[in-house]
Amino acid sequence: MLVPTSKAVFPFLKLPRELRNSIYAYALEWPDYSRKFGDVRSWSSYEVRCRNVTPVFEAMVTPTVLLLNHQITSEALPILYAKSFILTSPPPSQENYPQNFINPVLLTEFISKSTIRRMRFVILHLDLGFCSKAMSRCANGWKSPIDALLGVWTEENRLESVRFEGGYEPPSKEFGWTFDHCMHHAVVTDLLRRVGVLLQLATKLSLIISRFKVISP
């Protein structure tokens with residue numbers, strides 16, 4: 001009896017294009033960057049006490065389906081970019097991880113500029129409500145990624161929709177603001193100014209739909 005020396009190769013590209021697209025849609029999703037941000041850590045407990053702490057995080061891995069051949073990659077990428085890129089938290093920085101990092105981790109260390117340029121649908125969850133001093137740091141941590149996105153999209157973009165989900169309601173002044181309240185309000189006001197710059201860009205492009213509830217003090 002003859003034993004085959006190699007496995008048969010499935011003729012994937014002979015499948016109907018509609019079926020291939022369904023497979024791409026099943027196989028491709030944007031990574032959960034918020035989880036990856038949470039996995040960032042410092043080199044050692046010793047370096048946490050030093051000024052120049054170097055953050056460590058796992059390298060991003062390209063999905064296998066995008067490494068097979070040029071045709072499959074060219075067919076699959078539009079399927080990925082048709083899905084919404086969702087960001088629910090900022091990368092680690094001195095503001096939201098002050099005990100660990102002196103220098104912020106840039107968003108472009110996780111997502112390449114070319115990938116950001118080709119995004120079509122983006123959803124940003126900005127939870128800016130005041131709960132504690134840590135929340136002020138979290139709000140402050142959004143400055144760097146908002147600036148990074150704005151810088152890339154100003155140069156080139158394929159955006160069709162950017163949606164800001166969340167809102168900001170300043171604490172009541174009935175009983176007076178604490179120092180933390182004032183600092184938090186200043187941080188959020190500055191962040192919303194940066195978002196406003198992005199919306200001005202959107203107005204010029206006539207492409208972006210944004211939703212963000214802001215309650216003035």
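Here, residue 1 is the first one in the sequence, and each next residue gets the next number.
Using a 4.5 Å cut-off on side-chain heavy atoms (C-beta onward), Ile123 and Leu87 make no contact. Between Tyr33 and Ile111 the shortest side-chain heavy-atom distance falls below 4.5 Å. No side-chain heavy atom of Arg117 sits less than 4.5 Å from a side-chain heavy atom of Arg158. Proximity of Ser144 to Pro91: side-chain heavy atoms (C-beta onward) are nowhere separated by under 4.5 Å.
Under the 4.5 Å side-chain heavy-atom criterion for grouping Ile, Leu, Val, Met, Phe, Trp and Tyr, Leu68 is connected to Leu19 within one hydrophobic cluster. The same ILVMFWY cluster, assembled from side-chain heavy atoms under 4.5 Å apart, contains both Leu77 and Leu159. By the criterion of side-chain heavy atoms lying less than 4.5 angstrom apart, applied directly or through intervening Ile, Leu, Val, Met, Phe, Trp or Tyr residues, Leu80 is grouped together with Ile23 in one hydrophobic cluster. Hydrophobic cluster membership is shared by Val152 and Leu150, with clusters built from Ile, Leu, Val, Met, Phe, Trp and Tyr side chains linked at under 4.5 angstrom. Trp142 and Ile86 are not part of a single hydrophobic cluster, where members link through side-chain heavy atoms under 4.5 Å apart.
Side-chain atoms of Lys143 never come within 3.5 Å of backbone atoms of Val187 as a donor-acceptor pair (strictly under, hydrogens ignored). In this structure a side-chain-to-backbone donor-acceptor pair under 3.5 Å is missing from Thr189 to Ala186. For the pair Trp153 (side chain) and Ile116 (backbone), a donor-acceptor distance under 3.5 Å is present. At least one donor-acceptor pair closer than 3.5 Å links the side chain of Glu109 to the backbone N or O of Leu106. No side-chain donor-acceptor contact under 3.5 Å links Thr108 to the backbone of Lys113.
The heavy-atom pair separating Ser74 from Pro78 by the smallest distance is O-CD, 3.1 Å. The two residues Leu124 and Val122 come nearest to each other via the heavy atoms CD2-CG1, 4.0 Å. Considering every non-hydrogen atom in both Phe10 and Leu15, the closest pair reads CE2-CD1, 3.8 Å. The two residues Leu67 and Thr73 have their closest heavy-atom pair at N-OG1, 4.3 Å.
Here the options are Phe121, Phe110, Tyr81, the test is ring-ring contact (aromatic ring centres under 6.0 Å, His included), and the partner is Trp30; only Tyr81 passes.
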TODO: Would you please test Lys83 and Glu29 for side chain to side chain contact (heavy atoms under 4.5 Å, CB included) and show each step?
DONE: CA-CA 8 Å; Lys83 297 186 176 185; Glu29 292 288 348; 2.8 Å; yes
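Taking OG from Ser84 and CE from Met119, the interatomic distance works out to 11.0 Å, rounded to the nearest 0.5 Å. Taken from CZ in Arg120 to CD in Glu160, the straight-line distance is 4.0 Å, to the nearest 0.5 Å. Distance CD1/Ile79 to CZ/Arg20: 10.5 Å, rounded to 0.5 Å.
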